[in-house]
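Structure record follows, encoded as structure tokens.
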Protein chains: 4
Amino acid sequence: MGSTPKARRSGTRERIQRTALDLFVSRGYEKTSLREIAEELGVTKAALYYHFKTKEDILTALSDELGRPVDELVAWGREQPPTPEIKRELLRRYSEALRDAAPIYRILQENQATLRELNIGAALRERLAAVGALLQAGAGSLEGRVRCSSAMAAVHFGALDLDGLPGEKEEKRAAVLRVGLEILDSAIREETAAALDAVG
Amino acid sequence: MGSTPKARRSGTRERIQRTALDLFVSRGYEKTSLREIAEELGVTKAALYYHFKTKEDILTALSDELGRPVDELVAWGREQPPTPEIKRELLRRYSEALRDAAPIYRILQENQATLRELNIGAALRERLAAVGALLQAGAGSLEGRVRCSSAMAAVHFGALDLDGLPGEKEEKRAAVLRVGLEILDSAIREETAAALDAVG
Amino acid sequence: MGSTPKARRSGTRERIQRTALDLFVSRGYEKTSLREIAEELGVTKAALYYHFKTKEDILTALSDELGRPVDELVAWGREQPPTPEIKRELLRRYSEALRDAAPIYRILQENQATLRELNIGAALRERLAAVGALLQAGAGSLEGRVRCSSAMAAVHFGALDLDGLPGEKEEKRAAVLRVGLEILDSAIREETAAALDAVG
Amino acid sequence: MGSTPKARRSGTRERIQRTALDLFVSRGYEKTSLREIAEELGVTKAALYYHFKTKEDILTALSDELGRPVDELVAWGREQPPTPEIKRELLRRYSEALRDAAPIYRILQENQATLRELNIGAALRERLAAVGALLQAGAGSLEGRVRCSSAMAAVHFGALDLDGLPGEKEEKRAAVLRVGLEILDSAIREETAAALDAVG
DNA sequence: GATGAATGAGACTTCATTCAT
DNA sequence: AATGAATGAAGTCTCATTCAT
């Protein structure tokens, strides 16, 4: 309570976050020093420590903010029945959620080894695992689970890694999502068939 | 290519590589210090410098050795015609190649941000891009390319990340490969259909 | 002497002093940061600076307040003749004065190295030296002076360090004082004997 | 095993210890920075870290070395019967042991607050408590214990604090020891008397 | 009577690397 | 084939203090 200054007076806190995000994405978390962030902003290192308790704290704040859409998605998903249509909707929304959250997940992905020892790594990974679990809900076979994972992976890594491909951003996202849905469909088809077998 | 100078004497070079690999995998490249490697081995840091010119050099040597199977796969692929069957074979062999090379690719993946500025990052990424290009050969549409990428991604990340899933290692690899092939098949089907359309 | 400026308003100044005293005793002067004091009090560091000009000032105010009894004792002692009975009374009163002043003298003792460079260290040490001088007044031999010092040391360190011993506080103080008086008596006896020798 | 370089090649380790001891005594442990030690020695800070793992380690090494005489004294004392003569001998030897160990005990005394949180503080204090316990062995009354403590305190603080008094060092030590023995004798007399009372 | 924001200095520590032996 | 000693650069963090509001 009152430990983190709520301050809306000078906006420095926000500027720190934005600068840090940029640098974490472009140079990596570990390789970005607080000196760099401070210099880029034209403040002293000590100013950073006025606004954030540690370096990790900057990343945590970023993740809490940008990761919220995925958090909300998980919350929503948990209240729905695990029907095929809901799963498709889940994947659709996941693709959307990633649109904004992409930078933070890219940081997570590209700095896994470094973040593994930080609390935040776990937090982010749990969010992803939760989405995965919702998609896999009810999947019986190993292969079924792998298909669901692959559908999510297509969307996830597509969102992060496809900068290299030619084409417009939104268009590419749509393509990636369609492929993800295809894979998900194949998973659903198989499960349904298996279920019918078991019954009939 | 003279990777092992005169070696064969005391095996220290090999021991360094093995220890480094373990530590790079478990603690990350950046977070692993030469002191740690040396201590774990019971030698001095200076000894490491007798065998390797720099820290990066240790990783490079590791990558040259473990990455060879994928290199050879690319070489082989380039001499084959881009038929569906060849593509399927390519994916199969890729899955196999990853079996041994997994650690090095895991290091690459989990330390991307760090390695981006090192030569070796590029080298490893190129190998992967080459496999991807072979799989995508002749793909006309954006969606087609995304499908091929996803097929490869399924196999690739499956190989690295599925330690968490239950089941025996080899069994999981097989499942992942089957799913990858499914996705690849869907890509091929579409391309073929599109080609027929264009013709007929 | 204007030690409390206009005060009497919200009592914050006093609360700062009390909190600081506690922390200086338990964590040491150097190791206690203004941040800690402020946090413990639920105010900002800047608030401390409204009431005190520097960190040292807080300690000085504390010392002026708590050290007064010893100051008064010294003033009293200087107006008395250096008779044995006065010396005994001096030691008795010193023991009493320390009852309240103990914390500040403990701080002095446990942070000597740190305070040596601050003015306040000297101030406190002078007070003690003054008591010592009064007790030694007229002591001819080195041994006599050592005896007087030891008598005072017994009382002084007894007051500070005997928390560890079993027994009730006031009871222990009495025991320590008795031992101190014994030592003082031995000093006086010797001096008297020596004086008689010289005369007779 | 091999963690501390045994090195006798350049003597830097010893020079570090000597310089650190001087600075710790004159400026205090906390106030002495590694930069100062390094500069005074004409080496870099990193060189200090080659020889000692932390700042505290330098102090620990110093204490292990200089504190040995007191350690040995405690060991000896524990094997003797607690007779009056042994106690007197103990105090005599303690006075001697302090002759060399004085600097380290002075550091302990003047930096108590700082060292309290370090392991080493406890270690040193335990040594002193052990001597105190040996002197008090068999003391029945609170006053008896206080007398023994005072005897030891006279010798201890005499050794550390009497630099201010006039006279030659060794001469002052002798005087302090004599006074200490006097106080110890008074303690012994009382205990003996009390014992006789109980019996007769 | 007190806060929010910021600073400048400096602390301890770790790292990759070098080189004479 | 390897060691002991040392370096220079850099990193994260904490502190007492200031000042406009």
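Each chain gets a letter, A, B and so on, in the order its sequence line appears, and its residues count up from 1. No hydrogens, no waters, no symmetry mates; every other heavy atom, side chains included, goes into these values.
For the pair C:Arg15 (side chain) and C:Leu41 (backbone), a donor-acceptor distance under 3.5 Å is present. Side chain of A:Tyr29 to backbone of A:Glu56: a donor-acceptor contact under 3.5 angstrom is found. At least one donor-acceptor pair closer than 3.5 Å links the side chain of D:Glu36 to the backbone N or O of D:Ser33.
For the pair C:Ile37 CD1 and F:dC15 C1', the interatomic distance rounds to 12 Å; values are reported in whole Å. In this structure, B:Ile16 atom CD1 and F:dA1 atom C1' are separated by 11 Å, rounded to whole Å. Rounding to whole angstrom units, CD of residue A:Glu14 and P of E:dA5 are separated by 10 Å. Atom CG in B:Leu48 sits roughly 11 Å away from atom P in E:dT17 (whole-Å rounding). Rounded to an integer number of Å, the gap from B:Tyr50 OH to F:dA1 P is 4 Å. Between the CG atom of D:Leu34 and the C1' atom of F:dG8 there is a distance of 16 Å, rounded to whole Å. Taking atom CG on C:Leu41 and atom C1' on E:dA2, their separation rounds to 13 Å, with Å as the unit. Rounded to an integer number of Å, the gap from NZ of A:Lys31 to C1' of F:dA10 is 12 Å.
The residue among D:Glu30 and B:Glu36 whose nearest nucleotide of DNA chain E is located toward the 5' end is D:Glu30. Comparing A:Arg35 and D:Ala47 against DNA chain F, the residue whose closest nucleotide sits nearer the 5' end is D:Ala47. Two residues, C:Lys55 and B:Val43, neighbour DNA chain F, and the one matched to the more 5' nucleotide by heavy-atom proximity is B:Val43. Mapped onto DNA chain E by nearest heavy atom, A:Arg15 and D:Ser33 fall at different nucleotides, with A:Arg15 at the one closer to the 5' end.
Here the nucleotide nearest the side chain of C:Thr44, chosen from E:dA2, F:dA2, F:dA5, is E:dA2. When the nucleotides E:dA6, E:dT17, E:dC15 are ranked by their closest atom to the side chain of D:Ala46, E:dC15 comes out on top.
Pair assignment for F:dA1 gives none, since no Watson-Crick or G-U wobble pairing has each distance under 3.5 Å. Look at F:dT12: its Watson-Crick or wobble partner, with both distances under 3.5 angstrom, is E:dA11.
Under 4.0 angstrom from either OP1 or OP2 of F:dA6 there lies at least one side-chain N or O belonging to D:His51. When the side-chain nitrogen and oxygen atoms of B:Thr12 are compared with OP1 and OP2 of F:dA1, none of them lie within a distance under 4.0 Å.
Side-chain atoms of C:Lys45 and base atoms of E:dT3 include no donor and acceptor less than 3.5 Å apart.
If you run side-chain contact (heavy atoms from CB on, under 4.5 Å) between D:Thr32 and each of D:Ile37, D:Leu59, D:Ile58, only D:Ile37 comes through.
How far CZ of B:Phe24 is from CD of B:Glu30: 10.5 Å, rounded to the nearest 0.5 Å.
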